[in-house]
Trainee: 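Submitted below is the structure of interest, expressed as structure tokens.
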Amino acid sequence: MAYVNPSTQSIKTCFQSRYSLQYFQREYKWEPRHFAELINDVQEAFLLSFDPKHGRTEVASYAPYFLGSIITSVEAHGKKPLVDGQQRLTSTFLLLAFLERMRRDKQVDAALDLSTLLGSVSFGVMDYSIEFSASRKAIFDAYLDKTLTIDQAIEAAEDVNGLDEGDERLLEALRDTESLLDSLVKDHIAYFIDYVVERVLLIDISVASEAEAHRVFVTMNDRGLRLGPIDLLKGQILSRITTTAESQACHASWVDSINQLRALGAEEDSLFFRTLFRAKWADSIRGKAKGDAPGDFDNIGDAYHRWFDENTEKLGIINGDDYSRFAKVDIPKYVEIYSFIKQAESSPITGYEVLYYNAVRKYSFHAMILMAVTSVNDVTASWKAKILLVARLADLLLTSRTIEGKENNYENLRDISFNLTKAIRGKTEAELLTYVRAEWPRYFAHISQLSKLSYTKSDKSDLLFLLARIATYLEDELKMKSKTGFMMFWKRDRNQKTFDIEHLFKSTYDTTVLPATHGFADAKEYAEQRNLLGALILLPRARNRSLQDKSYKEKLPIYATENVLAQTLNPAFYGNNPDLAKFNVARPGIGLASVADFEKDSIAFRGATYTALAELIWATP
């Protein structure tokens, strides 16, 4: 180990080197939620020091954020072999690529040009600072293409052939990054870029040979007793249990619970305890003012094992019997509930689809608010009913904020979610139903404004989500035999089958049509109105491209063979359809009707239909 040279480096210094990847290091395994946690942690560290009154040079004195370590060996052919740390280095590269794209698109001239950290051009070909696979290189080539808008760039990246699972995870992270950033960060993006490149640090453990690098990797990961928070928490619990037999029984129960959590994901054991402690017992949170002390919420995030040791009385844990009960009864019960939540978030479960809907919106505090209302004494039917009620309220809350034009990112939802957690904590089913029904009107009132959403002013993923929800509801209510389903509407990794938002009107104002026919006063009004929600549907990407910029009348016959949003525009959909007839009779205010020629008034009519359907989707429990 004489040739081990650890050095602390800023991201700027780190990415002045180039890195080659071993074959076993090429897969990108971070889930989008892991990347979201990184973004949230970095911007939270930045915001703790940031003051709008600061000059740029003051960022140099901000408290640093420590990213972790990488293991490299001696440079060969201009590149350092990366033996360990590909996940965090690729995630950092992804963040830099996003920030460079944002710097360019927003024309933030004062911000640092990050292109030299991402790579260099040799003979007209981009050589990235990390040696990527061909498909990953093609993703970043498309994403960073200066000739494409961000929407076009993402679409081009999604169209790359031969994407593996890691590529898909990386693409999802790229799509989500802007929505994760706090508005204050985006408004001062030059400062944030400075912070990321200068004050985000990692340790490069450099070794003289590749063989030595592998030996260091094994030593750091496979040898010795590495006591992390989860091990320390276990020790704190088991050490308080005095009898050998009881200690062994508690240990067996602990191991079973941890194995269940790790089956959900590599970090889920720690995430579970952070979520549980925050959900059930945290009473305070750091304020918004600079210098405010951390609260329970923050301390649990930093060191949940230490918080537990200092707050056992709050958990009702006083003696050995209480520790035993916590290990053998409480933890397994909450693991059962948490596992159900995580499974429902990853794939829709019939009757609990709303948990999946909230998860795809990257709602970071979802599990916390759901766990808050559960109790170890709840029978399965009771805790499932309660988490369903809370999930529905969260779904409405997120939707109402979208309609209001508010961002649903970590910073904006943190305090709202924590206050909700405390308000619903431990309620019975009856108490929770009363609470939810009392809260519902304050959010539901915004549904009536749904039709005012615009393609040019709203986040595209929000519009896609809302249209997909409306389409899925219609498919279910009309008992359609051939369903697309929300997952297919939403998934972005289906290449030409990926669904895009389709404009019913052409992109340019057609002056050959008389104003008396189309109803628009001028090109300006046309441009504004064609982007409203009532003038939008969903179509598969291949179909959307094949239609190019055809007129509505030319596209209408083709809509008859597409998904339900398109089909409802065509008269053929209404012929001999008894389920549709029953639906219209039962809900006469919906206004489902075909449209022979889409005009200005059609936008308002269609928007009202979408709004009426949304009011059914988000109706009071």
Side-chain angles (χ1 to χ4, degrees), residues 344-345 348-363 366 369-370 385 387-406 408 433 436-437 439-453 458-480 483-491 499 501 532-534 536-538 563-569 579-580 582-593 604-621:
E345 286 180 339
I349 295 176
T350 302
Y352 300 87
E353 293 90 349
V354 66
L355 274 73
Y356 178 75
Y357 299 151
N358 291 340
V360 301
R361 293 167 111 170
K362 302 297 184 295
Y363 181 32
H366 192 223
I369 64 170
L370 300 186
I387 66 172
L388 184 58
L389 267 175
V390 177
R392 288 188 62 188
L393 180 62
D395 180 28
L396 176 64
L397 184 154
L398 297 174
T399 300
S400 71
R401 288 179 58 85
T402 293
I403 295 170
E404 285 187 281
K406 295 179 178 178
N408 286 325
L433 183 58
V436 168
R437 285 177 173 171
E439 289 290 296
W440 206 267
R442 64 186 285 208
Y443 303 117
F444 185 77
H446 297 111
I447 299 295
S448 63
Q449 304 301 308
L450 181 79
S451 62
K452 293 182 179 179
L453 291 175
S458 302
D459 186 288
K460 305 301 184 296
S461 65
D462 288 336
L463 293 180
L464 177 68
F465 178 88
L466 293 169
L467 289 169
R469 289 290 298 276
I470 292 168
T472 303
Y473 177 79
L474 272 177
E475 287 182 336
D476 293 339
E477 289 295 307
L478 300 179
K479 300 179 176 61
M480 295 179 68
K483 295 182 180 181
T484 301
F486 180 85
M487 284 188 74
M488 293 300 101
F489 282 124
W490 182 253
K491 284 172 70 71
F499 276 84
I501 297 171
L532 290 176
L533 191 71
L536 306 174
I537 59 171
L538 298 176
N563 66 87
V564 66
L565 290 186
Q567 289 181 44
T568 53
L569 294 165
D579 289 319
L580 175 57
K582 291 176 185 176
F583 179 81
N584 277 334
V585 169
R587 299 173 178 82
I590 299 300
L592 271 181
F605 184 82
R606 183 78 172 181
T609 298
Y610 284 162
T611 301
L613 290 168
E615 288 175 341
L616 292 174
I617 295 170
W618 284 284
T620 309

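All residue numbers refer to positions in the sequence shown, counting from 1.
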Trainee: If you count heavy atoms of other groups shown closer than 6.0 angstrom to NZ of Lys452, is the number above 12?
Mentor: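 No - once you tally the heavy atoms of other residues, nucleotides and ligands closer than 6.0 Å, there are 12 at most.
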
Trainee: Provide the closest heavy-atom pair for Ala471 versus Leu565 in the form atom of the first, atom of the second, distance.
Mentor: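 Smallest interatomic distance, heavy atoms only, reads CB-CG, 3.7 Å.
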
Trainee: Are Ile617 and Ile447 side-chain neighbours, meaning at least one heavy-atom pair lies under 4.5 Å?
Mentor: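 Side chain of Ile617 against side chain of Ile447, heavy atoms only: no contact under 4.5 Å found.
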
Trainee: Mind listing the closest non-hydrogen atom pair of Gly351 and Leu388 along with its distance?
Mentor: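 Result for this residue pair: O-CD1, 3.6 Å.
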
Trainee: When you compare the side chain of Leu397 with that of Leu393, does any pair of heavy atoms fall below 4.5 Å?
Mentor: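 No, every pair of side-chain atoms sits at 4.5 Å or beyond.
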
Trainee: Checking the side chain of Asn563 only, and the main-chain atoms of Leu538 only, is there a donor and an acceptor separated by less than 3.5 Å?
Mentor: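 Here the side-chain-to-backbone pair exists.
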
Trainee: Within this structure, what is the OG1-OH distance for the pair Thr620 and Tyr443, rounded to the nearest 0.5 Å?
Mentor: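 OH of Tyr443 is found 13.5 Å from OG1 of Thr620.
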
Trainee: Could you state the interatomic distance from OG1 (Thr568) to CG (Leu580), rounded to the nearest 0.5 Å?
Mentor: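 It is 9.0 Å, given to the nearest 0.5 Å.
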
Trainee: Is there a side-chain contact (heavy atoms from CB on, under 4.5 Å) between Trp440 and Arg392 once you walk through the steps?
Mentor: CA-CA 10 Å; Trp440 206 267; Arg392 288 188 62 188; 4.1 Å; yes

Trainee: Would you call Arg361-Asp462 a salt bridge at under 4.0 Å N-O?
Mentor: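 Looking at Asp462 together with Arg361, the answer is no, because their closest N to O distance does not fall below 4.0 Å.
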
Trainee: Roughly how far, to the nearest 0.5 Å, is the CG atom of Leu467 from the CH2 atom of Trp490?
Mentor: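 Here the interatomic distance stands at 11.0 Å.
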
Trainee: Minimum heavy-atom separation for His446 to Ser400, with atom names?
Mentor: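 Nearest pair, atom of His446 first, then Ser400: ND1-CB, 3.7 Å.
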
Trainee: Less than 4.5 Å apart, side chain to side chain, heavy atoms only: is that true for Tyr610 and Leu466?
Mentor: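 No. Closest side-chain heavy atoms not under 4.5 Å.
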
Trainee: Should Glu477 and Ile590 count as side-chain neighbours, where that means a heavy-atom distance under 4.5 Å?
Mentor: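 No - every pair of side-chain heavy atoms lies 4.5 Å or more apart.
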
Trainee: With Leu532, which residues qualify under side chain to side chain contact (heavy atoms under 4.5 Å, CB included), at least two apart?
Mentor: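 If we apply the side chain to side chain contact (heavy atoms under 4.5 Å, CB included) test to Leu532, skipping adjacent residues, the hits are Ser454, Gln529, Ile603.
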
Trainee: Rounded to the nearest 0.5 Å, what separates atom OG1 in Thr611 from atom CD in Glu615?
Mentor: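 Between Thr611 OG1 and Glu615 CD, I get 6.5 Å after rounding to 0.5 Å.
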
Trainee: Arg469 vs Phe489, test: side-chain contact (heavy atoms from CB on, under 4.5 Å). Steps then yes/no.
Mentor: CA-CA 9 Å; Arg469 289 290 298 276; Phe489 282 124; over 6 Å; no

Trainee: Check each of Leu536, Asp459, Leu463 against Leu453 using the side-chain contact (heavy atoms from CB on, under 4.5 Å) test, and report the only one that passes.
Mentor: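 Passing option: Leu463.
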
Trainee: Check the pair Arg606, Ser451 against side-chain contact (heavy atoms from CB on, under 4.5 Å), reporting the backbone distance first and the verdict last.
Mentor: CA-CA 9 Å; Arg606 183 78 172 181; Ser451 62; over 6 Å; no

Trainee: Does a side-chain heavy-atom distance below 4.5 Å link Ile349 with Tyr356?
Mentor: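 Side-chain contact under 4.5 Å: no.
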
Trainee: Working to the nearest 0.5 Å, report the span between CD1 of Ile387 and NE2 of His366.
Mentor: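 Here the interatomic distance stands at 8.0 Å.
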
Trainee: Contact between Trp618 and Asp395 at the side-chain level, heavy atoms closer than 4.5 Å - yes or no?
Mentor: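 The answer is yes; the side chains approach within 4.5 Å.
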
Trainee: Please give me the minimum heavy-atom distance between Val436 and Pro621, naming the atom from each residue.
Mentor: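 Looking at all heavy atoms of both residues, the shortest contact is CG1-CG, 4.0 Å.
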
Trainee: Answer yes or no: is there a side-chain heavy-atom contact under 4.5 Å between Tyr357 and Thr472?
Mentor: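 Touching, per the 4.5 Å side-chain cut-off.
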
Trainee: Could you measure the distance from the CD atom of Glu475 to the CD atom of Gln567? Nearest 0.5 Å is fine.
Mentor: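 The CD atom of Glu475 sits 8.5 Å away from the CD atom of Gln567.
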
Trainee: Among Asp476, Leu474, Leu478, Val564, which residue meets the side-chain contact (heavy atoms from CB on, under 4.5 Å) test with Lys483?
Mentor: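 Of Asp476, Leu474, Leu478, Val564, side-chain contact (heavy atoms from CB on, under 4.5 Å) with Lys483 is met by Asp476 alone.
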
Trainee: With a 3.5 Å distance limit and no angle check, can you tell me whether Gln449 reaches the backbone of Glu404 through a side-chain donor-acceptor pair?
Mentor: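 No, because the side chain of Gln449 does not come within donor-acceptor range (under 3.5 Å) of the backbone of Glu404.
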
Trainee: At their closest point, which heavy atom of Ala394 faces which heavy atom of Tyr363, and how far apart are they?
Mentor: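 So the two residues come closest at CB-CE2, 4.0 Å.
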
Trainee: I'd like to know whether the aromatic ring centres of Tyr473 and Phe486 sit less than 6.0 Å apart in this structure.
Mentor: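 No - the distance between ring centres of Tyr473 and Phe486 does not fall below the 6.0 Å cut-off.
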
Trainee: Minimum heavy-atom separation for Asn358 to Ala391, with atom names?
Mentor: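 So the two residues come closest at ND2-O, 3.0 Å.
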
Trainee: Would you indicate whether the side-chain heavy atoms of Leu370 and Leu355 approach each other to under 4.5 Å?
Mentor: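 Leu355 reaches Leu370 side chain to side chain.
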
